[in-house]
Amino acid sequence: RPHLYPPGPTPLPFLGNLLSVAFNLRSRIPHHTLWRSWARLYGNILGLRLGLINVVIVSGKDLIKEVSTREVFDGRPNGFFFMMRSFGKKFGIVFNDGASWSRTRRIVLKYLKSFGYNSRFMENYVSEECRALVKLRLSDAGKPILVNNMFNITVVNILWRLVAGKRYDLEDRKLSLLCDLIMRLFRAVDMSGGILNFMPFVRHVLPGISGYKELSSIHKALHDFLRETIEQHQQSIDVNNPRDVIDSFLIEKMECKDQFFTDEELQVVCLDLLEGGMETVANTAVFMLLHVVCNDDVQRRLHDEIDDVIGPLRSPALSDRARMVYTEAVLLESLRISSVAAMGIPHMALDNAQLGNYIIPKGTFILLSMFDLHNGGHWKDPETFRPERFITKEGNLIQDEWLMPFGTGKRRCIGEGLARSELFMFLTHILQKFRLKIPDGDTVPSVEPNDGLTLSAKPFRVIFEARK
Ligand code: HEM
């Protein structure tokens with residue numbers, strides 16, 4: 001007979017394990033490190049009670065795959081923090097579930113594809129943005145650059161060409177501030193959603209300390225930007241010639257008169273793409289720079305491969321990937337070691353369900369230990385940045401099933417192809433033109449991440465030295 005609830009630290013009445021979590025996080029370790037140490041004590045299915053909410057942390061390849069592929073775990077939590085970004089309702093893709101989620105996901109993918117998603121068109125957008133980024137770095141070559149935000153606008157531009165038919169200057173002040181807001185939002189809590197999920201009523205008593213005030217103002221700014229973008233589309237739309245995803249959605253809304261196509265739904269879809277597509281890729285790219293600049297040998301081998309396959313003049317292209325095994329291995333190793341989606345995106349049990357020997361009650365939040373999967377014992381020397389681990393003796397690329405940075409199953413990331421293409425193009429365009437150096441006098445950057453909804457690198461500077 002299955003046990004009632006997975007084991008974990010003893011919960012107190014009302015607060016559950018919140019005091020214990022706060023006590024353990026006082027030394028500022030990231031949440032995923034605490035979940036990992038508790039999983040070692042209590043097992044791969046760790047049962048917590050955080051305030052009013054059951055939270056189960058699942059570790060290990062097989063269990064993570066099982067949760068990701070069983071329909072009963074395809075839900076997304078109803079937590080207040082997750083829903084405050086979508087007008088208190090389940091809209092969009094990321095924090096939606098049921099029939100509305102599968103329909104939105106299907107339609108958004110259809111629209112994205114019709115504007116070139118994962119096609120030659122998209123490659124052109126990525127190339128154009130890489131060239132703009134290289135041009136900007138050439139203009140400040142030789143000077144120390146704080147790199148932590150340097151990919152933000154580039155990444156938004158690529159996606160926004162499809163979604164809103166628009167690109168911004170890489171130094172656009174308004175978009176840069178908006179990206180900073182997204183970064184701040186992502187640092188404010190971890191993937192369990194924090195106190196606003198566990199005890200949502202505290203927002204009335206402590207709007208400042210609970211983070212409610214700040215988060216509300218960030219969401220307002222993001223929604224104002226999206227509303228303005230959608231209104232500009234409404235004013236200039238030609239129903240016979242949709243220009244982008246927003247136009248397609250608006251046209252379908254006019255034609256269908258279906259309750260599904262509301263302005264709110266469209267706004268949350270845009271927010272999902274902006275947040276889901278910007279932070280993750282930009283942070284992984286920054287971690288990638290960090291490991292390249294800290295490992296001379298890796299940088300030398302990348303330069304050699306780029307010089308051999310592409311040479312100094314021609315623009316890198318996605319078709320070069322097949323012949324660039326070392327570069328591909330650097331990308332896989334960057335995705336592994338940084339694991340920016342450290343706990344994935346929370347799933348929710350849609351009904352009571354058995355997992356292993358335990359009952360997971362309906363409504364339980366389920367976090368997947370992706371960072372641990374990618375940085376645990378399977379990898380032998382997980383803390384070393386060693387792209388060779390993904391290359392066979394014969395020089396072929398290894399697709400290791402322990403690496404699943406984009407998740408798996410019906411909820412897997414819709415941006416995987418785009419993210420992999422962007423990372424390849426960023427790396428090759430930059431290293432074709434520059435040698436990266438840590439400025440004299442700066443300390444070697446820390447590889448310890450900042451905590452948050454996703455992980456990010458601590459601030460560090462790089463000199464982009466133009467290659468002869
Ligand atoms: C390195 C970059 C990225 C990483 C590591 C990443 C990772 C993930 C992960 C782990 C999930 C959750 C899977 C699950 O629930 O089990 C996810 C979902 C999602 N991602 Fe990404 N992602 C990245 C880039 C992108 C991009 C570029 C986009 C935009 C096109 C995007 C849009 C989404 C959306 C909309 C979902 C929700 C899917 C759903 O709930 O059905 N992601 N991503």
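Scope of the values below: all heavy atoms of this structure, side chains included, with no hydrogens, waters or symmetry mates. Small disclaimer: the values here were computed from a predicted structure and weren't measured.
A pairwise comparison of heavy atoms in D320 and I310 identifies OD2-CG1, 3.6 Å as the closest pair.
We find that E305 and R301 are not joined by a salt bridge, their nearest charged nitrogen and carboxylate oxygen being 4.0 Å or further apart. The existence of a salt bridge linking R187 and E279 is confirmed by a sub-4.0 Å separation between a basic side-chain nitrogen and an acidic carboxylate oxygen. Contact check on R386 versus D297 returns no salt bridge, with no Lys/Arg side-chain nitrogen under 4.0 Å from an Asp/Glu carboxylate oxygen. Under the 4.0 Å criterion applied to side-chain N and carboxylate O atoms, E275 and R85 are assigned as salt-bridge partners. In this structure, D372 pairs ionically with R40, as a charged nitrogen and a carboxylate oxygen lie closer than 4.0 Å. Salt bridge absent: E448 and K458 never bring a charged side-chain N and a carboxylate O closer than 4.0 Å.
Remark: H303 pairs with no residue by the ring pair (Phe, Tyr, Trp, His ring centres under 6.0 Å) rule, at least two apart or across chains. Take F73 and apply the ring pair (Phe, Tyr, Trp, His ring centres under 6.0 Å) test, not counting sequence neighbours, and it matches no residue.
The backbone N or O of M404 sits less than 3.5 Å from a side-chain atom of H374, completing a donor-acceptor pair. A donor-acceptor contact shorter than 3.5 Å is absent between the side chain of E264 and the backbone of F91. With D272 contributing its side chain and I93 its backbone, the two residues share a donor-acceptor pair below 3.5 Å. Put simply, the side chain of Q354 gets close to the backbone of G356: a donor and an acceptor are under 3.5 Å apart. In this structure a side-chain-to-backbone donor-acceptor pair under 3.5 Å is present from N295 to H291. Without hydrogens or angle criteria, Y5 side chain to L48 main chain gives a donor-acceptor distance under 3.5 Å. When atom types are taken as modelled, the side chain of N148 and the backbone of F460 share a donor-acceptor pair closer than 3.5 angstrom. Panel note: side chain S86, backbone K89; a donor-acceptor pair is recorded below 3.5 Å.
For the atom pair D351 CG and T364 OG1, the distance stands at 11.0 Å (nearest 0.5 Å). We find the CG-CE distance between L196 and M83 to be 13.5 Å, quoted to the nearest 0.5 Å.
A cation-pi contact, defined as under 6.0 Å to the ring centre and within 45° of the axis, links R26 to F23. Cation-pi geometry between R76 and W101 is not met: the NZ or CZ atom fails to fall both under 6.0 Å from the ring centre and inside 45° of the normal.
F249 has its ring centre less than 6.0 Å from the ring centre of F261. For W379 and F390, the ring centers sit closer than 6.0 Å to each other.
For the side chain to side chain contact (heavy atoms under 4.5 Å, CB included) criterion with T454, the lone passing option out of N283, I345, D190 is N283. Under the side chain to side chain contact (heavy atoms under 4.5 Å, CB included) test applied with R167, the options N157, V156, I153, T154 reduce to a single match, N157.
Ring geometry for F87 against H223 counts as tilted: the plane angle lies between 30° and 60°, on a 0 to 90° scale. Relative ring orientation between F151 and F426 is described as parallel, the plane-to-plane angle staying below 30° on a 0-90° scale split at 30° and 60°. Under the 30°/60° scheme for interplanar angles, the aromatic rings of W35 and H31 are found to be tilted.
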- Task: Please test L373 against K61 for side-chain contact (heavy atoms from CB on, under 4.5 Å), starting from the C-alpha separation and ending with a verdict.
- Result: CA-CA 7 Å; L373 180 76; K61 172 176 69 71; 3.8 Å; yes
Ignoring hydrogens and angles, write down the donor-acceptor pairs under 3.5 Å from the side chains of residues 7-21, residues two or more places apart or on other chains.
{"residue": "N17", "atom": "OD1", "partner": "R49", "partner atom": "N", "Å": "2.8"}
{"residue": "N17", "atom": "ND2", "partner": "P9", "partner atom": "O", "Å": "2.8"}
{"residue": "N17", "atom": "ND2", "partner": "T10", "partner atom": "O", "Å": "3.4"}

